[in-house]
Amino acid sequence: MLVSVNTEVVVVGAGPAGLFQVFELGLLGIKCHVLDSLSAPGGQCTELYPDKPIYDIPALPICGAQELIDRLLQQIKPFDAGFHLGEEVLELKRQDDGRFRLLTSAGTAFDAGAVVIAGGVGSFQPRRLGVDDIGNFEGSQIHYRVKNAAQFHGRKLVIFGGGDSALDWTLDLAPKAASITLVHRRAEFRAAPASVARMRELQQAGRLRFVEGLAHRVHHQAGTLIGVEVKSTNGELQRLDAEHLLVFFGLAPKLGPIAEWGLELDRRAIKVDTEKFQSNIPGIFAIGDINTYPGKKKLILSGFHEAALAAFAIQHHLYPAKKQFLQYTTTSPAMQKRLGVTGA
Ligand SMILES: Cc1cc2nc3c(=O)[nH]c(=O)nc-3n(C[C@H](O)[C@H](O)[C@H](O)COP(=O)(O)OP(=O)(O)OC[C@H]3O[C@@H](n4cnc5c(N)ncnc54)[C@H](O)[C@@H]3O)c2cc1C
């Protein structure tokens, strides 16, 4: 069923820039909905380096990347933005009345007065198995994420990868699967050492197999995947019976559908001006890593600045007759009311 949402602004991307955009719009009394293809907010900070410290956020001499996202989420709480996570924006079209229609992979449609694209380096997609003839099995017998773990109980499984996801699912499913083989291209793992140690214990106890190698090809019979051939480092081929392959090679960013929306691009980034951070389509703004202009630096700090200026431009775009003036959060009763700190 198509769900339809009418809103002042849609923000595409819940990375640090998109989250701060909610704040800057909220201060001006503008409501928005935030969409992200990932299942959690945070963009690169959460997905690529949650535990790493960041040292160049103003007034925070050191701040963990996930901590920064948690703080931003806390800061934008008063504005009660609608979050739609795990939904990739597939379509964005300007309507005849100047408003925008967006459609997501989950079938949600949005009708918005303005759009901010804060899509970073694009939406993160799982890295695929990388062998021929797998298209028909993806989603049915080849999986890049686990949606329903129970479907793997009592099944012959081969898990690919050497990071935390691969090891976590290997350990989780080992007691429940009919058989389980972990395949990784080398003997060293990126996963937490405790998980690797536990996997080795189970391997020694004969409760799972570990094979060092790479997927070479899949075997199928009458339209059903029945196994996979793995090529080890010495070139030897080994056939593993399998009903399901679980592939955890991490996520790679892809500009994806953003490239199809008629926006002027320069080397996979959206060209914007530096007054409004508006694209070539009036009403569509772009902030953070996804935009480009002379002197652009892909820093979180830059995204924050761009969000502040874009918010004023969006206010003008939505309400051209409204007089604009700069207010300070320290002294503006209207802003304090929106922040829920009236009387502080
Ligand atoms: C290892 C590492 C360390 C870093 N250290 C620092 C540092 O110390 N200081 C610093 O300033 N910067 C640092 N950066 C860079 C910083 O992380 C980026 O500048 C910042 O994340 C950009 O924020 P963003 O919100 O623009 O985009 P992102 O964080 O990339 O978020 C964009 C979001 O948009 C979503 N998206 C894209 N397309 C769609 C779509 N079609 N539909 C739905 N969702 C979509 C993506 O899924 C993603 O979640 C570092 C980067 C890395 C990789």
Side-chain angles (χ1 to χ4, degrees), residues 10-24 32-69 71-73 76 81-93 100 102-110 112 115-126 145 190 250-263 265 268-270 272 277 279 284-293 296-308 310:
V10 163
V11 178
V12 181
L19 295 179
F20 199 61
Q21 186 68 74
V22 175
F23 182 77
E24 289 294 330
C32 59
H33 283 255
V34 184
L35 314 177
D36 203 300
S37 49
L38 295 174
S39 56
Q44 294 171 55
C45 294
T46 298
E47 202 52 48
L48 301 180
Y49 60 109
D51 302 323
K52 283 203 164 52
I54 304 176
Y55 300 99
D56 57 350
I57 304 297
L60 288 176
I62 176 170
C63 181
Q66 184 58 48
E67 180 193 351
L68 178 75
I69 298 305
R71 285 174 178 272
L72 284 165
L73 288 169
I76 65 176
F83 272 84
H84 307 262
L85 300 171
E87 295 193 37
E88 186 177 20
V89 180
L90 300 178
E91 282 178 32
L92 166 58
K93 276 194 190 124
F100 296 93
L102 298 96
L103 193 67
T104 76
S105 51
T108 319
F110 291 84
V115 176
V116 181
I117 301 176
V121 278
S123 62
F124 289 95
Q125 312 280 340
R145 64 185 66 162
R190 274 173 292 114
L251 298 165
K254 252 196 184 160
L255 191 55
I258 293 174
E260 320 286 314
W261 297 341
L263 297 160
L265 301 177
R268 296 165 46 83
I270 300 169
V272 292
F277 298 96
S279 69
I284 301 184
F285 300 78
I287 62 161
D289 279 12
I290 194 90
N291 77 10
T292 184
Y293 51 83
K296 168 72 182 183
K297 298 284 177 281
K298 291 189 181 186
L299 288 171
I300 294 167
L301 176 73
S302 316
F304 289 169
H305 161 77
E306 294 158 13

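Read the numbers this way: they start at 1 and go in the same order the structure lists the ligands and their atoms. Below, all heavy atoms of this structure are taken into account, side chains as well, without hydrogens, waters or symmetry copies.
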Locate the shortest heavy-atom distance separating [X] from [Y]; write the atom from each residue and the value.
X      : Y      : answer
Gly288 : Glu306 : N-OE1, 2.8 Å
Val10  : Ala112 : CG2-CB, 3.8 Å
Gly303 : Ile287 : O-CD1, 4.4 Å

Go ahead and list the nitrogen or oxygen contacts between ligand 1 and the protein that come in under 3.5 Å, distances to 0.1 Å, or just say none.
from	atom 1	to	atom 2	distance (Å)
ligand 1	9 (N)	Asp56	OD1	2.9
ligand 1	9 (N)	Asp56	OD2	3.4
ligand 1	11 (O)	Ile300	N	2.9
ligand 1	14 (N)	Tyr49	OH	3.2
ligand 1	17 (O)	Tyr49	OH	2.5
ligand 1	19 (O)	Asp289	OD1	2.8
ligand 1	19 (O)	Asp289	OD2	3.2
ligand 1	25 (O)	Pro16	N	3.3
ligand 1	25 (O)	Ala17	N	3.0
ligand 1	26 (O)	Asp289	N	2.9
ligand 1	29 (O)	Gln44	N	2.9
ligand 1	30 (O)	Gln44	NE2	2.8
ligand 1	38 (N)	Ser123	N	3.4
ligand 1	41 (N)	Val89	O	3.2
ligand 1	42 (N)	Val89	N	2.8
ligand 1	44 (N)	Ser37	N	3.1
ligand 1	47 (O)	Asp36	OD1	2.7
ligand 1	47 (O)	Ser37	OG	3.2
ligand 1	49 (O)	Asp36	OD1	3.1
ligand 1	49 (O)	Asp36	OD2	2.6

Q. Tell me, which pairs form a side chain to side chain donor-acceptor pair (under 3.5 Å) where one or both residues lie in residues 35-44, sequence neighbours left out?
A. Gln44-Asp289
Q. So which pairs with a foot in residues 49-64 pass side chain to side chain donor-acceptor pair (under 3.5 Å), sequence neighbours left out?
A. none
Only pairs under 3.5 Å count here: list side-chain donor-acceptor contacts from residues 12-21, not counting sequence neighbours, and write none if there are none.
from	atom 1	to	atom 2	distance (Å)
Gln21	NE2	Ala307	O	3.1

